[in-house]
Asks: 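Pasting a structure below so you can have a look.
Only this structure's heavy atoms are used, side chains among them; waters, hydrogens and symmetry mates stay out.
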Amino acid sequence: MFNIYSIQKKIIHRIVHTLSSALLSSLNSRKLSQTLCRTLTIVSIGGVTIQDDRNIFSTRKKLLTAGILLLLLAVVDSFFTDFGIQKQYITEANPLMALIYDTSIWGFYALKISLPCVLLYLLTEVEQKRYLKLLVGSAILLYSVVLFQHIYWISLVL
């Protein structure tokens, strides 16, 4: 029988192991940043690559790459959150997303993934401005913090 949650558990365990290894092997923040970008590249299905972590938002292409990284983080966050809620390890902290999750799990995934997709579309349509760089950078930072929270609780339960 096909059990999606056992598959999720195996994938989550592999991601946590890879990210933990990356964190432990990195001695400085630049190397950590490069390692995490490569780790997230390995985890992604599409193969997102980030070449220059020093000035990731210098060109439109790099801004789009950052948007794709944001999309990847949103997908991973959705996956971890669903797993944690299904296994009753965590609860959704955002009341709006909790309501959507209780109404429809597919709606939860659709909203979590469609918002970064809308941002990617907007990044291709509007002129590159400094506030876009700040918004994308802030969103990546926040999603990274959420990812580390997920890694923490997963390390406690697995």
Side-chain angles (χ1 to χ4, degrees), residues 1-23 33 36-50 56-57 60-158:
M1 181 175 174
F2 182 70
N3 186 348
I4 188 71
Y5 294 109
S6 67
I7 293 171
Q8 280 182 331
K9 187 174 182 178
K10 289 176 186 174
I11 293 171
I12 289 171
H13 181 68
R14 179 67 182 145
I15 292 170
V16 169
H17 176 71
T18 304
L19 290 174
S20 300
S21 299
L23 290 173
S33 169
L36 284 176
C37 288
R38 285 190 198 108
T39 301
L40 291 173
T41 300
I42 292 167
V43 171
S44 77
I45 294 173
V48 178
T49 21
I50 296 179
I56 194 169
F57 306 120
R60 177 172 297 279
K61 183 177 178 183
K62 289 183 181 178
L63 189 58
L64 289 174
T65 303
I68 292 170
L69 176 61
L70 181 62
L71 176 62
L72 175 66
L73 288 170
V75 169
V76 171
D77 174 49
S78 302
F79 188 71
F80 284 170
T81 301
D82 181 36
F83 177 78
I85 292 172
Q86 290 290 329
K87 296 295 182 179
Q88 298 180 349
Y89 296 140
I90 62 169
T91 59
E92 174 61 57
N94 181 341
L96 177 62
M97 291 308 292
L99 176 67
I100 293 169
Y101 185 86
D102 291 338
T103 305
S104 167
I105 294 174
W106 295 113
F108 172 79
Y109 275 106
L111 185 61
K112 292 281 269 190
I113 295 169
S114 66
L115 290 177
C117 287
V118 169
L119 176 64
L120 278 172
Y121 173 75
L122 291 175
L123 289 175
T124 63
E125 296 297 316
V126 298
E127 183 180 338
Q128 184 179 353
K129 297 283 185 177
R130 184 170 185 222
Y131 72 89
L132 286 175
K133 296 175 190 178
L134 291 172
L135 286 174
V136 172
S138 299
I140 289 173
L141 178 66
L142 289 173
Y143 261 118
S144 297
V145 169
V146 170
L147 179 66
F148 284 114
Q149 287 178 328
H150 285 305
I151 291 170
Y152 174 73
W153 70 258
I154 289 170
S155 68
L156 294 176
V157 298
L158 292 182

Asks: Write down the atom of Asn94, the atom of Leu96, and the distance for their closest heavy-atom approach.
Replies: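 Where Asn94 meets Leu96 most closely, the heavy atoms are OD1-N, 3.0 Å.
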
Asks: Identify all side-chain donor-acceptor contacts of residues 142-149 below 3.5 Å with residues at least two apart in sequence or on another chain.
Replies:
residue	atom	partner	partner atom	Å
Ser144	OG	Ile140	O	2.7

Asks: How many angstroms lie between CG in Asp77 and CG in Leu72, if you round to the nearest 0.5 Å?
Replies: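 Rounded to the nearest 0.5 Å, the CG-CG separation comes out at 11.0 Å.
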
Asks: For Gln88, I'd like to know if atom CD has over 12 heavy atoms of other residues, nucleotides or ligands within 6.0 Å.
Replies: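 Atom CD in Gln88 is not packed in, count stays at 12 or less.
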
Asks: Measuring from atom CZ of Phe80 to atom CD1 of Ile151, what distance do you get when rounded to the nearest 0.5 angstrom?
Replies: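 The CD1 atom of Ile151 is 6.5 Å from CZ of Phe80, to the nearest 0.5 Å.
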
Asks: What are the two closest heavy atoms between Ile100 and Gly107, and how far apart are they?
Replies: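 Nearest heavy atoms, Ile100 then Gly107: CG2-C, 3.8 Å.
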
Asks: Distance from Lys87 atom NZ to Ile154 atom CD1, nearest 0.5 Å?
Replies: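 Between atom NZ of Lys87 and atom CD1 of Ile154 there are 12.5 Å.
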
Asks: Can you confirm whether Ile90 sits close enough to His150 that some side-chain heavy atom of one is under 4.5 Å from a side-chain heavy atom of the other?
Replies: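 Side-chain contact under 4.5 Å: yes.
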
Asks: How many angstroms lie between atom CG of Leu71 and atom CG of Leu115, to the nearest 0.5 angstrom?
Replies: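 Between Leu71 CG and Leu115 CG, I get 10.5 Å after rounding to 0.5 Å.
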
Asks: So which atom in Asp82 and which in Ile105 form the shortest heavy-atom distance, rounded to 0.1 Å?
Replies: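 For Asp82 and Ile105, the tightest heavy-atom pair comes out as OD1-CG2, 4.1 Å.
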
Asks: For Ala74 versus Lys112, what's the shortest heavy-atom pair and its separation?
Replies: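 Closest pair (atom of Ala74, atom of Lys112, distance): CB-O, 3.6 Å.
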
Asks: Parallel, tilted or perpendicular: which describes the rings of Phe83 and Trp153, with under 30° parallel and over 60° perpendicular?
Replies: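 The rings of Phe83 and Trp153 lie parallel, inter-plane angle below 30°.
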
Asks: What are the two closest heavy atoms between Phe108 and Ser78, and how far apart are they?
Replies: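 Closest heavy-atom pair between Phe108 and Ser78: CE2-O, 3.9 Å.
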
Asks: Supply the atom-to-atom distance Leu70 CG to Leu141 CG, rounded to the nearest 0.5 angstrom.
Replies: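 Here the rounded value is 11.5 Å.
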
Asks: Between Thr81, Ile85, Thr91, which is the residue that forms a side chain to side chain contact (heavy atoms under 4.5 Å, CB included) with Tyr101?
Replies: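 When Thr81, Ile85, Thr91 are each tested with Tyr101, the side chain to side chain contact (heavy atoms under 4.5 Å, CB included) holds only for Ile85.
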
